[in-house]
Amino acid sequence: AKNLGKNECVYYNAHMKDEALKRKDIKIIIDEACNQDGFYCVYQPQVNALTGLTEGYEALVRLKDYDIPPNQFISVAEETKAILTIGRLVTKQVVEQMAMWRQHGLELRPVAINFSSKQIKDKTYVQYLKELLEEHQISPELIEIEITESIFMNNNEKAMKLFKDFLSIGVRLALDDFGTGYSSINYLTYIPVSKIKLDKSLVDIYLTPGKDTFIKNIIRLVHCLGLKITVEGVEKKSQYHRLRKFGCDYIQGYYFSQPITGKEVEDLKNPLK
Ligand code: C2E
Ligand code: CA
Ligand code: CA
Ligand code: CA
């Protein structure tokens, strides 16, 4: 349970003592959910730091019948092929949701989809995504794929080939969880991403008075490379104001909104507000 946010992985731990048993149970729950439409997505607004308007969403998967945080069940799913199934189910739901939003008169905004590094094993994922977008006539520029640096762990060439494939169908790439794990500035200079997402853990530590030069300079660095930056996990007005002052592009955090359902996105009177 390392590396998880404060509010995550609480409830389930309280009931199960044995970590291995717990993972085994989660495996069963995941397999069942894969077979029975047991997942759904929620959407967290990504807000333009300058205007305060919502300009996109990140899709985040949830289990329908269990209160197990995604960090927890995704890491179990990543031990098996289940993550490939979940990756496709989420993708399909997102594209269908976008088609639905359009049908209901909403002006579509970009939606980010998380792509687990393990999904590199899904050799036809890009083709799958391409066909889904064609089927529902959703423009690929409206899809952003969030990758993490761990995708380079095994094979750099394979990862770079995958990125090229993504770009060739017209979707954009974002580098997620920047500032955690083995982040290296080196990657930024050659991964073809258009956006960096700065992790909440750095926000919590450094986005405080007297300590925020670091974040200010990360934003500068990202801009020097011609990329956009989204800062995640912004919970306080003071953090928002500092980020806006630093020229941060997008903000995603509870200060603006928690993840909401597809229906709630529709219920926002004006999807731009
Ligand atoms: P992530 O990709 O870094 O997603 C951001 C997480 O931060 C989300 O947690 C979001 O609800 C949370 N968050 C956003 N703003 C705030 C804030 O202001 N305060 C706090 N405390 N938290 C905030 P969530 O939905 O629990 O997802 C956790 C992780 O699970 C994600 O981290 C991602 O790594 C993984 N995940 C979620 N959905 C998917 C998916 O569809 N596919 C894959 N492969 N992974 C997913
Ligand atoms: Ca993400
Ligand atoms: Ca993230
Ligand atoms: Ca994260």
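Order of appearance sets the numbers: ligands from 1, and atoms from 1 within every ligand. Computed from a predicted model, the values in this text were never measured in an experiment.
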Taking the minimum heavy-atom distance to atom 21 (N) of ligand 1, which of Glu78, Glu146, Glu235 ranks first? Glu235

Which of the ligand 1 atoms, numbered from 1, are nearer than 4.0 Å to a heavy atom of Gln44: 10 (C), 14 (C), 15 (N)

Find out whether Glu144 and Val171 are in side-chain contact, i.e. whether some heavy atom of one side chain is under 4.5 Å from a heavy atom of the other. no

Proximal ligand 1 atoms for Gly253, defined as those under 4.0 Å from one of its heavy atoms: 15 (N), 18 (O)

Any donor-acceptor pair under 3.5 Å linking the side-chain atoms of Gln252 with those of Thr230? no

Would you call Lys197 a ligand 1 contact, heavy-atom distance under 4.0 Å? no

Between Lys161 and Glu157, is there a salt bridge with N-O shorter than 4.0 Å? no

Ionic contact status for Glu146 with Lys195, cut-off 4.0 Å: no

Aromatic ring proximity, centroids under 6.0 angstrom, Phe163 and Phe152: yes

Strictly under 3.0 Å, is the Ca ion (ligand 2) approached by any N, O or S atom of Glu58? yes

Heavy atoms only: which of Asp176, Val90, Thr148 is nearest to atom 2 (O) of ligand 1? Asp176

Rounded to 10 degrees, the angle OE1 of Glu146 makes with OD2 of Asp176 at the Ca ion (ligand 2): 90°

Hey, which N, O or S atom on Glu232 ends up closest to the Ca ion (ligand 3)? OE1

Measure Asp177 to ligand 1 on non-hydrogen atoms and call it side chain, backbone, both or neither using the 4.0 Å cut-off. side chain

Between the Ca ion (ligand 3) and Asp177, which N, O or S atom of the residue is the nearest one? OD1

With a cut-off of under 6.0 Å to the ring centre and 45° to the axis, is Arg88 in cation-pi contact with Tyr128? yes

With heavy atoms and a 4.0 Å threshold, my read on which part of Gln258 contacts ligand 1 is neither

Below 4.0 angstrom from a heavy atom of Val234, which ligand 1 atoms are there? Numbered from 1 as shown, please. 18 (O)

Return yes when Pro69 approaches ligand 1 closer than 4.0 angstrom through a heavy atom, no otherwise. no

Taking Glu58 as the fixed residue, which of Gln44, Gln46, Lys197 is the one that meets the side chain to side chain donor-acceptor pair (under 3.5 Å) rule? Lys197

Identify whether the distance between the nearest side-chain nitrogen and carboxylate oxygen of Asp267 and Lys263 falls below 4.0 Å. yes

Can the positive tip of Lys64 be found less than 6.0 Å from the middle of the six-membered ring of Phe39, inside 45° of the ring normal? no

I need the atoms of ligand 1 closer than 4.0 Å to a non-hydrogen atom of Ser116, numbered in the order shown. 44 (N)

Residue-level breakdown please: for Cys41 versus ligand 1, do any non-hydrogen atoms fall below 4.0 Å on the side chain, on the backbone, on both, or on neither? neither

Assess the side chains of Gln239 and Glu235: does a donor N or O sit below 3.5 Å from an acceptor N or O? no

Polar contact flag for Pro259 and ligand 1 (N/O pairs, less than 3.5 Å): no

4.0 Å heavy-atom contact, Arg62 with ligand 1: yes

Please find out if less than 6.0 Å separates the ring center of Phe115 from that of Phe166. yes

